[in-house]
Amino acid sequence: MNDPRADERFPWRAVSNLSLAAAVLFAAMALARFRTWHNDTFDLAFYARLVWGAGHGDLWNPLVGAPLWGLHLSLILIPLGLLGRLVSVVPLLLVVQAAAVAAAGIPIARIASRRIGHPAAPYLALFVYLLFPTIGSIASYEFHPSSLALLPLCIALDFFDQRRAVAGVVALGLATLCREDVALCAALAGLALALHRPHRTIGLAAFVGFTAWFAVYLFLVAPHYLPRTGSLQLHYGHLGSSPTAILAQLLRHPVATLRELATPVRLLYVPRLLAPVALLPLLRPRWFLPALAPIGINLLSQFPTAVQVHSHYSTLAVPFIMVSAIHGAAWIMAVGALQAERYGLLVATAVTVAGLTTQHRAGVIPILGSRFNRAEHRADARQPALDAIAAIIPPDASYTGPDYTLAHFAERTRIFRFKQPPDRAADYIVLSTEHRDRFTGTQELWRNTEEVTVRNALNWRRYGVWTVLGDYIVMRQHWPGRTYARGRYVEFDPDPRVHAAHVEIGRALTIAGYGITRAAHGSHVTLLLVANEPWPFDLGFELAWGPMHPVADRQDPARTYAFLPYDGVFMPTMVRPGEVTRTEVDLPASPEELLAHGLWFGPRRIDGSRLEAASAHWTRLPE
């Protein structure tokens, strides 16, 4: 059924208002996540830097070391860059993306109205589209140009449904400006169009033209500008190191490739994609054909999230799944024409239940989706610290730090992903120590992989600690390494909380004094330490208290507490032999508990061994 009069009856105002409400919700979620520093991957920063650069005549992206057309070809970013000269780039991208994704539901609703004819059809189609797990995820998290392609792709499908083939092909062409792989979907859409005899010529022409466009970019342009390491290697490195090598591998070893794809998660990928629409595309698969392009690309990828329904990798499949599902629903109603209302009710019930179920299992819409995490959209301890850091780092300075901070620093000439050792020197480095809360008091605090990264960075002689805010250490290039420590850990005034002591622990370390004061949740211990000889960079400390009990060949106190010297921001290697240093730690025990059986101290290497093999494992501090 294709009722041309349905366009006259289409509820433009109601459907547009519903789409607008969805856009506002998605934009609010995306902006809240950004403003609270919870964009955990670097995609938003990658595209924000490209857009900002395009608006300022700089088409090189320092985050990946490639030009705008190097990793992907997204020409749509150029006009967005011009708009970015007027407003902040990241909010612009997030709002435009939310609006484009939500608005794409309107042509879907028009096709449903035309094909099914029931007054409720456009509302149900829009509802199921918005429930699709991919839609909420892409509209409220990070930014990807392929999300913008949804709107012109859906408009193209609406034109094709009206038998306006030329207008539809033009819309497909606009969609290809969003990203190069959209051209593959557009090519297969042309092939699907060609299956209808009156449009065979223009459909085949579109197929050839868009295929050529994709091939020229992939095999002639991209190889000259791809970064040495990037998404190509991340996704398809197991197949080859270049587009040509990957194609050759697929052609030479098709059976081996298919065998590799026969894993449970990949075999279930397509059924899971079709589950939100109750598998209806299988009944009328003509317009499902273009979805095979992104599906095939994702199945070949070795990246874990490529075959997850909620990930952005599934974005381009959604319009074709929705339209083929609408055709499948219309076919069911046509088959049962004498009881079309009953068949329509069954179909509506099936897709509603399927949509709600998959949204609950994999979606992010508040209340409905189990993947919605309120904490990711609320301010926490991370926000004030990082807001303060963003305010003090000069706008013309180069920057590197955790991926979730990069988008906030994207509007500058030089911004880099954090690497160790750094391949490009940034003026400022931000190190996260949030991981320390997970390992408080245990020896894993010294040797977890995140701490190894921080410790190595603190040991770089080119940088010094500039400031510490919350759980973040800000390092500045060519900043003296001991400046931040002065007055805190070295060269400090006499501390009234500490009483003098003299306890030698082997040749390397002497305790010159210590003090215990009551704190809100236990005790605050201050230690004065002297380095008798240079200390190793992987030095850690332990304090212990409680009754002694046998452990292997020694006696250990009942309670032990591992901590980092000098709050983990000043390297032991920077301590000068003979100078008195101060380190402090909070312990989860009252002063009375600490002194009941004595307070014990032990310097360690990160593997838990003693600082010196000949020294005692525990040394009791004098009372």
Side-chain angles (χ1 to χ4, degrees), residues 19-20 22-27 29-31 34 39 41 43-55 61 68-69 71-84 86-108 129-130 132 134-159 168 170-186 189 210 213-214 217 231 290-291 293-294 297 311-323 407 410:
S19 294
L20 177 61
V24 170
L25 172 64
F26 293 149
M29 292 172 64
L31 291 171
F34 168 68
N39 290 90
T41 60
D43 299 41
L44 178 59
F46 171 77
Y47 287 110
R49 177 56 182 80
L50 277 177
V51 169
W52 180 85
N61 191 340
L68 183 145
W69 52 86
L71 201 59
H72 294 292
L73 183 60
S74 301
L75 299 178
I76 189 65
L77 301 183
I78 295 175
L80 287 175
L82 298 178
L83 287 175
L86 305 176
V87 295
S88 183
V89 167
V90 172
L92 169 68
L93 295 183
L94 296 177
V95 171
V96 168
Q97 177 176 252
V101 171
I106 298 176
I108 294 290
Y129 167 78
L130 295 174
F132 210 102
T134 314
I135 295 304
S137 295
I138 64 174
S140 63
Y141 181 56
E142 302 293 352
F143 172 85
H144 301 93
S146 54
S147 303
L148 305 184
L150 287 181
L151 182 56
L153 284 176
C154 290
I155 290 174
L157 291 170
D158 187 24
F159 280 137
V170 171
L172 289 179
L174 294 175
T176 63
L177 298 179
C178 296
R179 232 172 80 153
E180 77 288 342
D181 52 349
V182 179
L184 273 184
C185 294
F210 290 126
W213 166 252
F214 179 75
Y217 172 76
S231 59
I297 290 172
S311 79
H312 70 91
Y313 299 107
S314 302
T315 299
L316 297 178
V318 175
F320 307 104
I321 291 173
M322 286 299 305
V323 170

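Please read all numbers here as calculations on a predicted model, not as lab measurements. Side chains are part of it too, since the values below use all heavy atoms of this structure and drop only hydrogens, waters and symmetry mates.
The OG atom of S19 sits 4.0 Å away from the CD1 atom of I106 when rounded to the nearest 0.5 Å. Here Y47 contributes atom OH and S74 contributes atom OG; the two are 5.0 Å apart, rounded to the nearest 0.5 Å. Interatomic distance, CD1 of I78 versus CG of L68, reported as 5.5 Å (0.5 Å rounding). From I321, atom CD1 reaches atom CD1 of I108 across 10.5 Å, with rounding to the nearest 0.5 Å. Note that OH of Y141 is 3.5 Å distant from OG1 of T41, once rounded to the nearest 0.5 Å. Note that the OG atom of S137 and the NE2 atom of H312 stand 10.5 Å from one another [nearest 0.5 Å].
For G173 against T176, the heavy-atom pair with the smallest separation is O-OG1, 2.5 Å. What you find for R49 and A410 is that their closest heavy atoms are CD-O, 3.2 Å. Listed here is the closest heavy atom pair of V182 and A175: CG1-O, 3.5 Å. The two residues A104 and Y129 have their closest heavy-atom pair at CB-OH, 3.3 Å.
When atom types are taken as modelled, the side chain of N61 and the backbone of F46 share a donor-acceptor pair closer than 3.5 angstrom. In this structure, E180 contributes its side chain and L73 its backbone to a donor-acceptor pair below 3.5 Å. Using a distance-only test at 3.5 Å, with no hydrogens or angles considered, a donor-acceptor pair links the side chain of Y217 to the main chain of W69.
Taking the side chain as every heavy atom from C-beta outward, L184 and F210 never approach each other to under 4.5 Å. Side-chain contact check for F26 versus L130: some heavy-atom pair is nearer than 4.5 Å. Residues P145 and L77 meet the side-chain proximity criterion, which asks for heavy atoms closer than 4.5 Å.
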Working note: D43 + F143, criterion side-chain contact (heavy atoms from CB on, under 4.5 Å); need CA distance, chi angles, decisive distance, verdict. CA-CA 6 Å; D43 299 41; F143 172 85; over 6 Å; no

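With sequence neighbours left out, D181 forms a salt bridge (Lys or Arg N to Asp or Glu O under 4.0 Å) with R179.
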Which pairs of donor and acceptor atoms, one on a side chain in residues 90-101, lie under 3.5 Å apart (sequence neighbours left out)?
| from | atom 1 | to | atom 2 | distance (Å) |
| --- | --- | --- | --- | --- |
| Q97 | OE1 | H144 | N | 3.0 |
| Q97 | OE1 | S147 | OG | 3.3 |
| Q97 | NE2 | I138 | O | 2.9 |
| Q97 | NE2 | E142 | O | 2.9 |

Result block: side-chain N/O donor-acceptor pairs under 3.5 angstrom for residues 148-159, not counting sequence neighbours:
| from | atom 1 | to | atom 2 | distance (Å) |
| --- | --- | --- | --- | --- |
| D158 | OD1 | R114 | NH1 | 3.0 |
| D158 | OD1 | R114 | NH2 | 2.9 |
| D158 | OD1 | Q162 | NE2 | 3.4 |
| D158 | OD2 | R110 | NE | 2.7 |
| D158 | OD2 | Q162 | NE2 | 3.4 |

